[in-house]
Asker: 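What follows is a structure written as structure tokens; I'll ask about it next.
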Amino acid sequence: MNKITQDIVAEHGLTEGEYSQVLDILGREPNLTELGIFSVMWSEHCSYKSSKKWLKTLPTEAPWVICGPGENAGVIDIGDGQAAIFKMESHNHPSFIEPYQGAATGVGGIMRDVFTMGARPIANMNALRFGSPDHPKTRHLLGGVVAGIGGYGNCMGVPTVGGETNFHSSYDGNILVNAMTVGLADTDKIFYSAAAGIGNPVVYVGSKTGRDGIHGATMASAEFDDDSEEKRPTVQVGDPFTEKLLLEACLELMATDAIVAIQDMGAAGLTSSSFEMADKGGVGIELNLDHVPMREDGMTPYEIMLSESQERMLMILKPGREEEARKIFEKWELDFSVIGKVTDTGKMVLTMGGETVADLPVAPLADAAPEYDRPWVPTPKPAKISAEEVQQPNDLREVLLKLMGSSEIASRKWIWEQYDHMVMGDTIQRPGGDAAVVRVHGTDKALAITTDCTPRYCYADPETGGAQAVAEVWRNLTATGAKPLAITDCMNFGNPERPEIMGQFVGCINGMKDACEALDFPVISGNVSLYNETNGQGIHPTPAIGGVGLLEQSSQMMTMGFKSQGDQVYLIGDLTGEMGQSLYLREIEGREEGAPPSVDLKKERSNGDFLRNAIEKGWVTAAHDVSDGGLAVALAEMSLAGNKGADITIETDLPLHAALFAESQGCYVVTVDPANSKQLQDLAETADVPICLIGTVGHNELKIENALTISLDELGKEHGSWMPSLMAGTAG
Amino acid sequence: MKARVHISLKNGVLDPQGKAISNSLHGLGFDSVLDARQGKTIELDLKDMSKEQAEKEVDRMCLQLLANTVIENYSIEVID
Amino acid sequence: MKACVIVFPGSNCDRDLKVALTQSMGNEPNMVWHGDSELPETDLIAIPGGFSYGDYLRCGAMAGNSPIMREVVRKAEGGTPVVAICNGFQIATETGMLPGALLRNADQSFVCKDVDLLVAADNERFVGGYDRGQVVKFPVAHHDGNFFADEETLSELENEGQIAFKYATPDGELTEEANPNGSLNNIAGIYNKAGNVLGLMPHPERLISKELGGVDGKTFFDNLVHSIG
């Protein structure tokens with residue numbers, strides 16, 4: 001057996017301190033397999049060692065939360081004995097190295113997390129960040145990632161109903177691919193991962209194990225350098241067809257009561273799944289690695305334990321149920337193998353070829369996973385930029401057209417047309433709206449789903465940015481009429497060993513926490529991706545938030561498109577005129593400066609609750625929140641979505657360009673039939689919500705008094721052509 | 001023994017992948033490329049038998065499953 | 001009326017088709033597993049969309065060789081109506097029930113969107129709910145929907161009224177822009193010679209209620225039930 005040298009320890013990403021802890025726990029030197037296991041279990045990806053201290057501060061409870069963070073995915077109650085199960089997860093590093101397979105396996109992994117818990121996936125979403133549009137790699141990465149997400153989700157027959165995409169040079173060397181899945185289960189049929197029942201069989205199902213992805217989890221926790229592209233062989237290849245079979249087989253077995261516990265083999269494969277199951281159940285596990293179905297000859301215990309081959313699951317079955325389970329998996333042409341049993345030793349004992357190849361205590365290894373209180377410095381607060389400090393542009397019309405065709409606002413149709421967003425027959429709000437809405441099959445209910453984050457805000461002021469990300473998710477769900485229930489987070493940051501990066505992390509968490517508390521919007525699952533840096537250059541802090549809301553009556557769902565000529569247009573909320581970090585400043589003046597718009601969580605809540613109430617009463621005919629690009633962009637988007645223009649007059653003390661393009665938070669644009677106008681205003685007054693009539697829905701142009709008139713054709717062309725031209729390589 | 005089956009689209013059938021490949025090669029400055037066609041290769045591990053027998057057997061596989069002769073040509077290479 | 005939906009490993013529009021058929025028939029279709037070699041008594045066979053066998057090798061190739069398809073072909077030859085949607089259409093061409101083949105989309109990307117379709121021929125059984133020349137809206141969602149046939153077959157299809165649907169503009173014009181995948185002659189769906197087998201790439205089962213964005217698909221299934229009864 002190899003002697004463990006300092007170099008080998010370092011290659012496994014363990015610090016000297018961590019290695020001496022290993023020696024303490026074992027009372028001896030580990031062998032290579034054991035060292036490999038420690039290394040993945042204690043990697044940032046599996047142990048959350050830098051982030052745990054802060055993640056614990058996030059609110060995770062509410063009366064409707066059935067299961068918060070810590071399981072494969074979070075679970076919320078949506079009434080009638082039904083639960084929504086969801087999570088978002090990153091697959092950033094693999095997607096940069098091989099965009100198609102990286103993104104595809106990311107989607108496959110998150111779907112497995114959800115159906116492991118007994119849920120049928122009903123919708124996929126994603127949050128993507130790419131480098132600057134003119135960076136030589138961006139087109140290739142965007143094309144590959146989108147094809148990979150589609151390739152996996154489409155084949156699985158789970159609709160990919162939307163997402164968000166940003167472009168910024170801070171992602172040139174580290175793109176972000178965050179995938180979210182929402183599933184549906186019965187509340188009395190949810191499966192957890194804690195192993196139990198001494199003597200119960202441990203069963204391996206799914207694909208065979210190969211050498212793919214060995215050390216993926218440690219790779220995901222290391223910074224990139226210029227050699228990273230050489231690391232290609234460690235990227236896994238996805239097989240969505242097998243996963244579709246695995247999904248159907250698992251759900252079929254779950255309909256019986258044969259399963260005690262189940263866990264997907266994700267990052268760090270057999271190692272983390274078996275340790276997590278044993279640790280949660282407070283038991284030991286014995287595995288005979290000879291029984292692991294293998295794809296390649298001559299695999300070592302080290303390789304078997306660390307392989308990240310996809311589409312595999314580990315289950316604990318009730319005694320005597322093996323044959324019944326085997327039949328189901330064989331029907332679906334999947335591997336099924338009893339590879340071990342649950343023991344009362346509290347130890348993980350692995351044998352192969354009749355020899356013990358690893359013998360590790362479960363609890364000490366899991367509980368002693370390092371937890372760091374990394375030093376951090378708060379991000380200095382940038383100065384606010386008021387309307388007066390930004391020069392009035394000559395032509396507001398040109399400004400709006402430019403923003404509509406800018407990288408952040410331009411239509412994402414090129415992306416979502418490559419996703420099957422309608423399969424399963426329940427998508428009632430397709431991509432392109434504030435949130436996607438899918439019906440809860442066979443009921444009157446529906447779930448609204450969105451992903452959001454504004455990284456440029458988080459970079460300028462992490463605390464405000466963190467709060468804004470949560471608030472925007474809440475707002476987008478509200479705009480569809482849904483009651484926001486819970487979120488999942490995907491925390492993408494740079495190197496946490498740098499105090500300023502750790503400061504960004506802490507700031508974002510603090511902001512998120514405030515928003516979650518103020519909006520009754522707990523975090524029920526999530527994932528952390530650190531070390532998103534290349535040559536010391538970190539990404540913009542990106543706490544991507546995925547949210548789910550409930551519509552009791554799908555027929556009450558609201559959309560953003562203007563509906564009928566003559567409807568009155570109202571603005572809910574106050575325009576603040578704060579110009580810092582606005583897209584206006586970035587696209588028109590080329591400045592990425594200042595403080596992001598302030599987030600007033602109290603107003604956020606009352607404005608949103610008011611809108612939801614008005615939607616429920618049936619008064620509202622269209623609703624859309626104000627976000628990137630401000631009020632003018634919101635109006636343009638509503639016009640394009642409904643193929644109807646509007647006549648708008650804005651009475652304000654602000655300079656017109658600030659009223660139109662500042663990204664004031666907590667605001668919505670809504671339309672109502674004039675017959676309901678009075679009631680809406682009365683309700684606003686009672687609720688103490690600022691509301692202002694700003695115009696009427698018109699015909700085929702968007703007119704803003706004293707500012708601009710643009711035909712919908714021209715708006716649509718500008719909005720629609722940016723991404724196709726980028727991808728065709730013809731962008732100007 | 002091994003057999004290799006090469007499958008390609010028939011002439012006259014649009015091959016968008018081949019077209020994209022030749023466009024990309026042109027983009028990279030390979031002006032010598034006149035055209036590109038993409039196909040696939042399937043390698044079969046076979047029980048030992050005579051070369052002739054193998055060719056016959058693989059030909060049947062091609063007709064039945066491996067190739068769609070409405071759009072594809074195939075050729076068989078048997079390696080001892 | 002009795003209907004069967006054939007389910008392959010990797011089919012994923014089987015449930016959607018079941019929902020659409022149930023809505024129009026008032027009773028549920030039989031879901032038939034690919035490994036079965038016999039079909040229950042049925043008035044209609046439906047082959048759903050999806051990725052049978054992962055679309056590996058060629059879309060529809062392996063499903064086309066499954067035991068149940070031999071039985072489907074036999075029933076079709078005996079006159080049983082068959083509707084084959086998307087991957088079902090690919091499978092039907094692989095078995096030879098329908099002529100031609102479906103290649104990778106011309107722009108090589110998966111495409112999912114509503115398309116306008118010209119009803120190109122009369123066939124009471126399948127499109128009796130529409131008028132010839134009418135434009136209807138169904139969604140497409142496929143990577144390999146680019147219809148190809150040799151010239152002879154193509155002109156036969158055109159001349160014999162075997163083209164069911166063509167991709168068109170909302171006004172019924174057959175333009176290149178209206179064609180989402182490069183299909184020859186904008187072909188979206190075809191009949192066999194006898195007119196009892198329809199294969200089409202678009203998904204009528206996806207637009208069966210206002211909430212989903214349209215009812216042209218509901219009309220399709222209502223008519224099927226009405227005409228087959």
Side-chain angles (χ1 to χ4, degrees), chain A residues 120 143 146-161 238-249 331-334 413-432 437-439 441-442 444 446 553-557 559 724 727-728, chain C residues 7-23 33-35 48-57 59 62-63 85-87 105 107-115 138-144 180-181 202-214 217-218:
Chain A
R120 179 175 284 281
V146 169
I149 291 172
Y152 211 104
N154 298 348
C155 184
M156 284 289 288
V158 176
T160 301
V161 293
D239 178 359
F241 172 58
T242 297
E243 177 139 316
K244 167 76 173 160
L245 303 183
L246 189 60
L247 163 68
E248 299 302 336
K331 170 187 159 195
W332 292 97
E333 296 173 24
L334 294 164
K413 194 165 115 178
W414 183 90
I415 294 178
W416 48 256
E417 278 189 354
Q418 295 185 54
Y419 303 149
D420 189 339
H421 48 270
M422 301 180 223
V423 64
M424 296 185 89
D426 283 309
T427 307
I428 55 173
Q429 184 152 173
R430 299 183 189 178
V437 182
V438 291
R439 292 185 301 206
H441 193 69
D444 292 335
Q553 291 293 328
S554 64
S555 57
Q556 287 198 328
M557 178 190 72
T559 56
M727 295 312 289
Chain C
V7 185
F8 298 97
S11 292
N12 63 31
C13 302
D14 43 329
R15 189 184 80 176
D16 304 356
L17 203 47
K18 178 180 170 180
V19 169
L21 283 166
T22 306
Q23 175 179 293
W33 184 239
H34 72 112
F51 289 70
S52 59
Y53 297 92
D55 274 357
Y56 299 152
L57 188 61
C59 303
M62 290 189 253
I85 300 169
C86 197
N87 189 225
N105 295 348
D107 74 354
Q108 298 199 74
S109 298
F110 189 96
V111 59
C112 177
K113 62 179 183 185
D114 288 344
V115 295
F138 297 162
V140 288
H142 60 247
H143 211 159
D144 300 79
N181 52 31
H203 290 270
E205 78 279 14
R206 292 190 179 189
L207 279 182
I208 55 167
S209 72
K210 263 195 163 157
E211 209 173 25
L212 291 169
K218 180 174 185 300

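The chains referred to below are lettered A, B, ... by the order of the sequence lines, with proteins before strands, and numbering in each begins at 1.
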Asker: Could you walk me through whether A:Tyr419 and A:Val146 pass the side chain to side chain contact (heavy atoms under 4.5 Å, CB included) check?
Answerer: CA-CA 8 Å; A:Tyr419 303 149; A:Val146 169; 4.0 Å; yes

Asker: Taking it one step at a time, do A:Leu247 and A:Trp332 satisfy side chain to side chain contact (heavy atoms under 4.5 Å, CB included)?
Answerer: CA-CA 10 Å; A:Leu247 163 68; A:Trp332 292 97; over 6 Å; no

Asker: Given the options A:Met156, A:Arg430, A:Lys413, A:Glu333, which has more heavy-atom pairs under 4.5 Å with chain C than any of the others?
Answerer: A:Arg430

Asker: Quick check for you: among A:Thr427, A:Val158, A:Asp239, which has the greatest number of heavy-atom pairs under 4.5 Å with chain C?
Answerer: A:Asp239

Asker: Examine the side chains of A:His441 and C:Arg15 and answer whether a donor and an acceptor come within less than 3.5 Å of each other.
Answerer: yes

Asker: So, C:Ser52 versus C:Asn87: side-chain donor-acceptor pair below 3.5 Å or not?
Answerer: yes

Asker: Using non-hydrogen atoms and a 4.5 Å limit, figure out which bit of A:Thr242 sits close to chain C: side chain, backbone, both or neither.
Answerer: neither

Asker: Taking side chain as everything from C-beta outward and backbone as N, CA, C, O, which of these in C:Tyr53 sits under 4.5 Å from a heavy atom of chain A? Side chain, backbone, both or neither.
Answerer: both

Asker: Which residue out of A:Met422, A:Gln429, A:Lys244 racks up the most heavy-atom pairs below 4.5 Å with chain C?
Answerer: A:Met422

Asker: Can you tell which part of A:Lys331 gets under 4.5 Å to a heavy atom of chain C, answering side chain, backbone, both or neither?
Answerer: both

Asker: Just by distance, do the side chain of C:His143 and the backbone of C:Gln108 share a donor-acceptor pair under 3.5 Å?
Answerer: yes

Asker: Under 3.5 Å, is there a donor-acceptor pair between the side chain of A:Gln418 and the main chain of A:Trp414?
Answerer: yes

Asker: Give, as side chain, backbone, both or neither, the part of C:Ile208 having an atom under 4.5 angstrom from any heavy atom of chain A.
Answerer: neither

Asker: Give a yes or no on whether the backbone of A:Cys155 and the side-chain of C:Asn12 come within a donor-acceptor separation of less than 3.5 Å.
Answerer: yes

Asker: Is it true that a side-chain atom of C:Asp16 and a backbone atom of A:Met424 form a donor plus acceptor pair closer than 3.5 Å?
Answerer: yes

Asker: Between C:Ser11, C:Cys112, C:Ser109, which shows the greatest number of heavy-atom pairs under 4.5 Å with chain A?
Answerer: C:Cys112

Asker: Side chain from CB out, backbone as N, CA, C, O: work out which of these in A:Met557 comes under 4.5 Å of a heavy atom of chain C, or both, or neither.
Answerer: neither

Asker: Specify which of C:Ala141, C:Pro139, C:Pro9 makes the most heavy-atom pairs with chain A at under 4.5 Å.
Answerer: C:Pro9

Asker: Measure distances from A:Leu245 to the heavy atoms of chain C and classify the residue's part below 4.5 Å as side chain, backbone, both or neither.
Answerer: side chain

